[in-house]
Enquirer: 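Encoded as structure tokens, here's the structure I'll be asking about.
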Amino acid sequence: QQRNVLQQPLVERIATMAGVERVSFAGDALLSEDADDAITIPGRPADTLPSGHLTEAHGSPGYFETLRIPLRRGRLLTYADTRAKVHALYTSPNRALSLVEQARSAPAEPVVVNEAFVKRFFPEEDPVGKRFCIDPTNKVYWYEIVGVVGHTRRAGLERQTIPEYFGPLILFQTAGLLVRTRAGSNPLDIAPTVRQLVTSSVPGIIVLGITTLDRRMGELT
């Protein structure tokens, strides 16, 4: 709650700047490497689940709108989802219950998945409301799908879309601030003002750098 108190007014102040369209926070806007997670879906044998690259991302409310990733089904992330995530992180499930019962009753982190995730794991089902786990041994932490977004190419435009699930961002240490400016403007023109607003709003913060997403995308190999 204290972090949200700092985060929300900062986002609102930057959003009112001339030339700014959307503002949000992200764990990382782009993928520097592929990740592999073993996924568990209640009621499905492990050997029937497709394998391959699967990765997790984190964003604040407004993340998908800032990157113009369209909503296909369900809803996007909210600040209430951040509280639900904290509750899930610090609540232990009842291990006396069966896996299916645990998945149904345990607090879960709300997540949004991309279409590649749905195509791999729920090709003939509505994924909204479904739960899954990426802990193949203990199976104690659960995610619940609340929405589906379009294809995401955070590993590069020439790369095949990787199945991803996006959870609420909790600002602990390092995070990225995403600012979308209006077409025709130079986004770096507002960089000094954004830097000043960030450093004056969040005591002790260090701005590691400011760049454009186009430039970051071009650095991916």
Enquirer: Keeping Thr199 on the side-chain end and Gln196 on the backbone end, is there a donor-acceptor pair under 3.5 Å?
Expert: yes
Enquirer: Are Leu177 and Ile14 side-chain neighbours, meaning at least one heavy-atom pair lies under 4.5 Å?
Expert: yes
Enquirer: Any side-chain to backbone donor/acceptor pair from Arg195 onto Ile210? Under 3.5 Å, distance only.
Expert: no
Enquirer: Working note: Ile39 + Arg120, criterion side-chain contact (heavy atoms from CB on, under 4.5 Å); need CA distance, chi angles, decisive distance, verdict.
Expert: CA-CA 11 Å; Ile39 189 171; Arg120 180 181 294 177; over 6 Å; no
Enquirer: Check whether Phe64 forms a cation-pi arrangement with Arg72 (NZ or CZ under 6.0 Å from the six-membered ring centre, at most 45° off the ring normal).
Expert: no
Enquirer: Name the one of Val112, Leu54, Asn114 that satisfies side chain to side chain contact (heavy atoms under 4.5 Å, CB included) with Tyr165?
Expert: Leu54
Enquirer: As an exercise, state the distance from CZ of Arg215 to CG of Leu188, rounded to the nearest 0.5 Å.
Expert: 6.0 Å
Enquirer: Could you tell me which non-hydrogen atom of Gly62 sits nearest to which non-hydrogen atom of Arg22, and how far apart they are?
Expert: CA-NH2, 3.8 Å
Enquirer: In this structure, would Val179 and Leu208 fall into the same cluster of hydrophobic residues linked by side-chain contacts under 4.5 Å?
Expert: no
Enquirer: Looking only at atom types and distance, does a side-chain atom of Arg13 sit under 3.5 Å from a main-chain N or O of Ser201, one as donor and one as acceptor?
Expert: no
Enquirer: How far apart are the C-alpha atoms of Thr181 and Asp189, what are their side-chain angles, what is the distance that settles it, and do they pass the side-chain contact (heavy atoms from CB on, under 4.5 Å) test?
Expert: CA-CA 10 Å; Thr181 57; Asp189 287 345; over 6 Å; no
Enquirer: May I ask you to test the Ile41-Lys130 pair for a side-chain heavy-atom distance under 4.5 Å?
Expert: no
Enquirer: side-chain contact (heavy atoms from CB on, under 4.5 Å), that's the test. Do Thr152 and Leu67 meet it? Break it down for me.
Expert: CA-CA 10 Å; Thr152 50; Leu67 294 179; over 6 Å; no
Enquirer: Work out which heavy atom in Pro110 is nearest to a heavy atom in Pro168; give both atom names and the distance.
Expert: O-CD, 3.3 Å
Enquirer: Hey, does Leu89 have a side-chain heavy atom less than 4.5 Å from the side chain of Ile170?
Expert: yes
Enquirer: How long is the span from the CD atom in Glu109 to the OG1 atom in Thr82, to the nearest 0.5 Å?
Expert: 9.0 Å
Enquirer: If I take atom CG from residue Leu169 and atom OG from residue Ser24, how far apart are they, to the nearest 0.5 angstrom?
Expert: 9.5 Å
Enquirer: Are the aromatic ring centres of Phe117 and Phe132 under 6.0 angstrom apart?
Expert: yes
Enquirer: Is there a side-chain contact between Arg73 and Pro127, using heavy atoms and a 4.5 Å cut-off?
Expert: yes
Enquirer: With the side chain counted from C-beta on, respond yes when Glu65 and Leu76 share a heavy-atom pair under 4.5 Å apart, and no when they do not.
Expert: yes
Enquirer: Can you tell me how far apart CD (Glu21) and CZ (Arg182) are? Round to the nearest 0.5 Å.
Expert: 6.0 Å
Enquirer: Do the non-hydrogen side-chain atoms of Tyr63 and Leu77 ever get within less than 4.5 Å of each other?
Expert: no
Enquirer: Quick check: closest heavy atoms across Phe25 and Ser60, and the distance to 0.1 Å?
Expert: N-OG, 2.8 Å
Enquirer: Measure the OH-CD distance between Tyr79 and Gln8 for me, rounded to the nearest 0.5 Å.
Expert: 4.0 Å
Enquirer: Which heavy atom of Val20 sits nearest a heavy atom of Val23, and at what distance?
Expert: CG1-CG2, 3.7 Å
Enquirer: For residues Phe122 and Val113, determine if any side-chain heavy atom of one lies less than 4.5 Å from a side-chain heavy atom of the other.
Expert: no
Enquirer: Could you give me the CA-CA distance, side-chain angles and deciding distance for Met17 and Val194, then say whether side-chain contact (heavy atoms from CB on, under 4.5 Å) is met?
Expert: CA-CA 9 Å; Met17 292 176 56; Val194 170; 4.1 Å; yes
Enquirer: Say whether, by atom type as modelled, one donor and one acceptor occur between the side chain of Ser200 and the main chain of Leu197 under 3.5 angstrom.
Expert: yes
Enquirer: Identify the heavy atoms of Glu115 and Gly150 that sit nearest to each other, and give their distance.
Expert: OE1-CA, 3.4 Å
Enquirer: Taking C-beta and beyond as the side chain, do Tyr141 and Cys133 meet within less than 4.5 Å on heavy atoms?
Expert: no
Enquirer: Can you measure from CZ (Phe166) to NE2 (His58) and round to the nearest 0.5 angstrom?
Expert: 10.5 Å
Enquirer: Quick check: closest heavy atoms across Ala18 and Ile190, and the distance to 0.1 Å?
Expert: O-CG2, 4.3 Å
